[in-house]
Amino acid sequence: MVMQLSAPLELRGLSIYKGLIPRDAQEEMVEALRDVTRAAPLFSPMTPYGKPMSVRMTSAGRFGWVSDRRGYRYSETHPEGQPWPPIPASILGAWTAVAPEARMPECCLVNFYAAGARMGLHQDRDEADFSQPVVSVSLGDDALYRVGNKTRGGSTESVWLSSGDVMVMGGEARLLYHGIDRIKPGTSTLLRGGGRINLTLRVVT
DNA sequence: AAGTCTCC
DNA sequence: AGAT
């Protein structure tokens, strides 16, 4: 897939490519994700302290991200025991478009936000090589994304992410705290039934 | 604390 | 924004 990169919006070192993915490519990704969720159904991860996350998730690739009473980690199997399905080619195209120099991703974490789902501020730090970026793809309803600092506390800034936006968290921005404060229902027609899917592609090892 | 709550 |  060939994409024309315009200058991204920069926010605390994050690069946000607004509207990078055309509608037809978004639809292709959603269709491919149906195969992913058939093989690896969405689940509600349990936090280590006993409360389930409001976001439902699954993964594709060699590794998937899981959370339970034992903590956060990458696993080569879904909680039900099966290996994760491969990362769809249409989704890998987004990675190569914005991170052509990086290693290929080993995990595509699929986060589904229904109206009301949120994700608190956190770091992506379960990977072995922080020199490799994390690439995020937004599909469906708009989401209010918040970014903070490399340590907890301090000021934060927010930006609305829309369907087709692609964000790169790399370099100095790789370990910034970030999260999703809210979803704006009815702002996209991409997903029947509404909601938002966020894909985060990562190198794990 | 990838949640939740409280306080400003 | 900060405690936990």
Side-chain angles (χ1 to χ4, degrees), chain A residues 11-14 16 33 36-37 40-80 84 87 91 95 105-130 132-161 165-170 172-185 195-205:
Chain A
L11 182 65
R12 297 196 174 192
L14 300 169
I16 303 173
L33 287 168
V36 169
T37 56
L42 291 166
F43 58 95
S44 300
M46 188 62 67
T47 57
Y49 39 92
K51 301 217 172 171
M53 297 173 59
S54 59
V55 173
R56 293 199 299 150
M57 62 176 63
T58 188
S59 294
R62 177 177 170 198
F63 297 97
W65 189 85
V66 298
S67 170
D68 57 25
R69 300 292 169 102
R70 295 168 46 201
Y72 305 145
R73 65 191 177 281
Y74 284 97
S75 168
E76 297 195 60
T77 55
H78 185 280
E80 294 172 5
W84 309 98
I87 301 175
I91 293 168
W95 175 274
E106 298 169 310
C107 171
C108 175
L109 180 54
V110 180
N111 287 331
F112 177 74
Y113 296 78
R118 296 173 288 117
M119 187 169 298
L121 287 173
H122 67 281
Q123 287 175 305
D124 287 15
R125 62 176 178 191
D126 298 322
E127 302 77 25
D129 184 358
F130 297 142
Q132 298 299 310
V134 171
V135 172
S136 156
V137 177
S138 294
L139 297 170
D141 285 336
D142 293 350
L144 186 57
Y145 174 91
R146 169 137 62 137
V147 58
N149 307 283
K150 292 178 192 172
T151 56
R152 283 202 176 273
S155 67
T156 63
E157 293 179 83
S158 297
V159 64
W160 283 97
L161 297 178
D165 293 352
V166 177
M167 175 163 49
V168 181
M169 303 186 71
E172 290 300 297
R174 175 63 178 76
L175 289 171
L176 293 180
Y177 274 84
H178 61 281
I180 294 293
D181 284 339
R182 66 187 178 97
I183 302 297
K184 198 165 193 173
R196 171 178 188 256
I197 292 172
N198 183 64
L199 308 174
T200 48
L201 295 153
R202 308 106 183 281
V203 175
V204 174
T205 60

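Just so it is clear: chains get the letters A, B, ... in the order the sequence lines come, proteins before strands, and each one is counted from 1.
The salt bridge (Lys or Arg N to Asp or Glu O under 4.0 Å) contacts involving residues 136-156 of chain A comprise A/Arg146-A/Asp181, A/Lys150-A/Glu172, where partners must be two or more places apart or lie in separate chains. Among residue pairs with one or both ends in residues 67-79 of chain A, those qualifying as salt bridge (Lys or Arg N to Asp or Glu O under 4.0 Å) are A/Arg62-A/Glu76, A/Asp68-A/Arg73; sequence neighbours excluded. Pairs of residues two or more places apart, or lying in two chains, that qualify as side-chain hydrogen bond (donor to acceptor under 3.5 Å, both in side chains) and include a residue from residues 107-123 of chain A are A/His122-A/Asp124, A/His122-A/His178, A/Gln123-A/Arg125, A/Gln123-A/Tyr177.
In terms of the salt bridge (charged side-chain N to carboxylate O under 4.0 Å, His left out) criterion, residue partners of A/Asp165 (sequence neighbours excluded) are, by chain and number, A/Lys18. Residues passing the side chain to side chain donor-acceptor pair (under 3.5 Å) test with A/Ser138, sequence neighbours excluded: A/Arg196. The salt bridge (charged side-chain N to carboxylate O under 4.0 Å, His left out) check on A/Arg12 picks up A/Glu157, with sequence neighbours excluded.
Taking each heavy atom of A/Val36 and A/Ser59 in turn, the nearest pair found is CG1-O, 4.0 Å.
Between A/Arg146 atom CZ and B/dA1 atom P the separation is 17 Å, expressed in whole Å. Between A/His178 atom NE2 and B/dA1 atom C1' there is a gap of 14 Å when expressed in whole angstrom units. Per the geometry, CE belonging to A/Met57 stands 11 Å off P belonging to B/dA2, to the nearest Å. Whole-Å rounding puts the A/Asp126 CG to B/dA1 P distance at 11 Å.
Annotation: B/dA1 and B/dC5 have their C1' atoms spaced 12 Å apart (nearest Å).
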Discussion item. Generate the contact string for nucleotides 3-8 of chain B. Rules: B means base contact, S means sugar-phosphate contact only, - means no protein heavy atom under 4.0 Å.
Written reply: SS----

Side-chain atoms of residues 42-52 of chain A: list all donor-acceptor pairs with protein atoms under 3.5 Å, sequence neighbours left out, distances to 0.1 Å.
unit_1  : atom_1 : unit_2  : atom_2 : d
A/Thr47 : OG1    : A/Lys51 : N      : 3.0
A/Thr47 : OG1    : A/Lys51 : O      : 2.5

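In the 5' to 3' direction, nucleotides of DNA chain C lying under 4.0 Å from heavy atoms of chain A begin and end at C/dA1 to C/dG2.
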